[in-house]
There are 2 protein chains.
Amino acid sequence: MSDDALISLLIVDDHPVVRDGLRGMFESAPGFTVLGEASNGVEALERAAALDPDVILMDLRMPGGGGVDAIKELTRRGARAKVLVLTTYDTDSDTLPAIEAGATGYLLKDAPRDELFTAVRAAAEGRTVLSPAVASRLVSAVRSPNTPGNEPLSTREREVLALVAKGTSNREIARELFISEATVKTHLTHLYTKLGVNDRAAAVATAYERGILG
Amino acid sequence: MSDDALISLLIVDDHPVVRDGLRGMFESAPGFTVLGEASNGVEALERAAALDPDVILMDLRMPGGGGVDAIKELTRRGARAKVLVLTTYDTDSDTLPAIEAGATGYLLKDAPRDELFTAVRAAAEGRTVLSPAVASRLVSAVRSPNTPGNEPLSTREREVLALVAKGTSNREIARELFISEATVKTHLTHLYTKLGVNDRAAAVATAYERGILG
DNA sequence: GCCGGCATCAACCGATCGGTTGATGCGGCT
DNA sequence: AGCCGCATCAACCGATCGGTTGATGCCGGC
């Protein structure tokens, strides 16, 4: 890709409205060309291979093939395309996974037009572009990688937690999982420390915040 | 508005991308004209008064003046415009409030173009258009209006619940809200029955499910 | 082969929670 | 004036929870 060439784009979003908005926006601006669209992660991989775009504008939450998986696969393939994640909420729990997976940038959909253009140009050159909210999340995540809470729950712990969220008592959980009440308590104390909380109510809350439940 | 006249639109959404997408979509289709845009509820009210559109395409979650309040105010004013809610998620907790507030229709943003056009024409004629998911929610809500769980929590109850979700004990909640522990327990038992649960963990879970927390 | 993570169980204790009943005062609505 | 929802408080009880310590067996990585 030379400096003065058009930046070619692939738009990936499950909402037709958003795809149209992005396509119109970039086709009417100088320096860009939209090669195609996709409405889910799997489709995005096909189109990316066929069209070989410079930059992929990618939504994260999509039915039928999530965005994060698509980014991972692109990275694994060593794809030339840079991925610019374009999502709705900055509270998205997939923020960090997406960046870890290899996304070049992360922007919110409510970004003004100019910011979008700038971000795409930056992404095309391989420069990282992050929305302020995401940037601050990142630094705090990097600053404390051993923060209590990023430790993944074991399968059994998640099962116990799911029952807790339904209001099940320890004794009932024990019966339902065919284990003793003592074991249930052990799982609970373990997942409390993993989540960095002190009781079941807070555990349920943080589980929802992190997308473990719900 | 005569039968063969253009249907005039006002687009309300906080995302420039979505606004562009809708504008382009309707301007390039016959039978519609876009009078203007707004990016929040307050602005929407101004534009609606100034432009007098036939139909208002309205997002619900917006910074600086929520969509539901705007719809309420339009209804209160006896505005001529029909409001067609166009939102991202069918799990949105504002679905029913929006309809109660006077929205004529409720569609998801991932609806295909033709469905959007049909819905706008229907809305312009005052006919109700609901996306299937919303429709089924509605019937279940109407079918059992006294179901334990649709009762709204009082302000105090929500405050207590929020602290519970943070792992605060009853005694600590009492101190933090400057009330006695007995009162905290009273609020809790009340919100338990309102939410249809038996303990704080389940209360937190259903609160997240319903969008009361998170 | 050793170590660590996971899952399992036991017994004990204090602290907390949930349920109940009953009561008071305030504000809005009719 | 009367009613109702909301918020406040009290005292009591049994049930449950959370914390701790200690132990066993299995499996996979180094």
Side-chain angles (χ1 to χ4, degrees), chain A residues 145-210 212-213, chain B residues 72 76 97 100 145-210 212-213:
Chain A
N146 291 335
T147 179
N150 284 5
E151 304 172 64
L153 299 188
S154 74
T155 308
R156 210 49 163 169
E157 286 161 355
R158 280 198 305 275
E159 287 174 0
V160 171
L161 182 54
L163 289 171
V164 164
K166 289 170 62 182
T168 320
S169 77
N170 290 350
R171 191 167 303 167
E172 290 168 334
I173 293 173
R175 271 201 285 271
E176 221 165 304
L177 297 183
F178 302 105
I179 57 181
S180 89
E181 195 177 338
T183 307
V184 174
K185 293 176 68 171
T186 306
H187 289 314
L188 280 176
T189 49
H190 284 167
L191 69 87
Y192 290 162
T193 54
K194 283 184 180 179
L195 294 176
V197 300
N198 298 311
D199 64 41
R200 44 180 59 210
V204 169
T206 58
Y208 269 96
E209 297 286 353
R210 303 219 181 116
I212 302 172
L213 287 176
Chain B
K72 273 187 192 154
R76 202 190 60 77
E100 284 172 12
N146 291 335
T147 180
N150 284 4
E151 302 173 66
L153 300 188
S154 74
T155 307
R156 210 50 164 169
E157 286 161 354
R158 279 197 306 275
E159 288 173 359
V160 171
L161 183 54
L163 289 172
V164 165
K166 288 169 62 182
T168 320
S169 75
N170 290 349
R171 191 167 304 166
E172 289 168 335
I173 293 172
R175 270 201 287 270
E176 225 169 295
L177 297 183
F178 303 105
I179 58 181
S180 89
E181 195 178 337
T183 308
V184 175
K185 293 176 68 171
T186 306
H187 288 313
L188 280 176
T189 49
H190 284 166
L191 68 87
Y192 289 161
T193 54
K194 283 185 179 179
L195 293 177
V197 299
N198 297 312
D199 62 42
R200 46 180 58 210
V204 169
T206 57
Y208 269 95
E209 297 287 352
R210 304 222 179 112
I212 301 171
L213 287 175

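Remember, predicted model here, so these are calculated numbers, not experimental data. Convention: sequence-line order gives letters A, B, ...; per-chain numbering from 1.
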Please report, rounded to the nearest Å, how far the P atom of C/dT8 is from the CZ atom of A/Phe178.
12 Å

Round to the nearest Å and state the distance from A/Arg156 atom CZ to C/dC9 atom C1'.
13 Å

State, to 0.1 Å, how close A/Arg200 and A/Leu188 come at their nearest heavy-atom pair, and which atoms those are.
NH2-CD1, 3.4 Å

Whole angstrom is fine here: how far is it from CD1 in B/Ile173 over to P in D/dT8?
13 Å

Among the nucleotides D/dA7, C/dA7, C/dG19, which one has an atom lying closest to any side-chain atom of B/Thr155?
D/dA7

How close do B/Ala203 and B/Tyr192 get, heavy atom to heavy atom, and via which atoms?
CB-CE2, 4.0 Å

Using nucleotides 10-16 of chain C, report all nitrogen or oxygen pairs with the protein that are shorter than 3.5 Å.
from, atom 1, to, atom 2, distance (Å)
C/dT16, OP2, B/Arg171, NH1, 3.2
C/dT16, OP2, B/Arg171, NH2, 3.4

Value in whole Å for how far the C1' atom of D/dC6 lies from NE2 of B/His187
8 Å

In terms of side-chain heavy atoms of A/Asp199, which of C/dC6, C/dG18, D/dG18 is nearest?
D/dG18

If you measure from OG on A/Ser169 to CG on A/Leu163, what distance do you get to the nearest 0.5 Å?
10.0 Å

To check you understand the geometry: which heavy-atom pair defines the closest contact between A/Asn170 and A/Lys185, and what is its length?
ND2-CG, 3.8 Å

Whole angstrom value for the distance that separates C1' of D/dC4 from NE2 of B/His190:
13 Å

Taking A/Leu153's backbone N and O only, do any of them form a donor-acceptor pair with A/Arg158's side chain (distance below 3.5 Å, no angle check)?
yes

Mind calculating the distance between CD1 (B/Ile179) and P (D/dT8) to the nearest angstrom?
5 Å

Check the pair A/Arg175 / A/Glu172 against salt bridge (charged side-chain N to carboxylate O under 4.0 Å, His left out), numbers first and verdict last.
CA-CA 5 Å; A/Arg175 271 201 285 271; A/Glu172 290 168 334; 5.3 Å; no

Quick one: which of D/dC6, D/dT20, C/dT8 gets closest to the side chain of A/Thr189?
D/dT20

Tell me the interatomic distance from B/Leu191, atom CG, to D/dA7, atom P, rounded to whole angstroms.
11 Å

Can you give me the closest heavy-atom contact between A/Ala207 and A/Leu161, atom names plus distance?
CB-CD2, 3.6 Å

Looking only at the side chains, is there a donor atom on one of A/Ser154 and A/Glu157 sitting less than 3.5 Å from an acceptor on the other?
yes

Between the two end axes of the helix from C/dG1-D/dC30 to C/dT30-D/dA1, each built from 5 base pairs, what angle do you get to the nearest 10°?
50°

Any luck finding a side-chain donor-acceptor pair between A/Thr183 and A/Thr186 under 3.5 Å?
no

Within this structure, what is the CG-to-P distance between B/Leu177 and D/dA7, rounded to whole angstrom?
11 Å

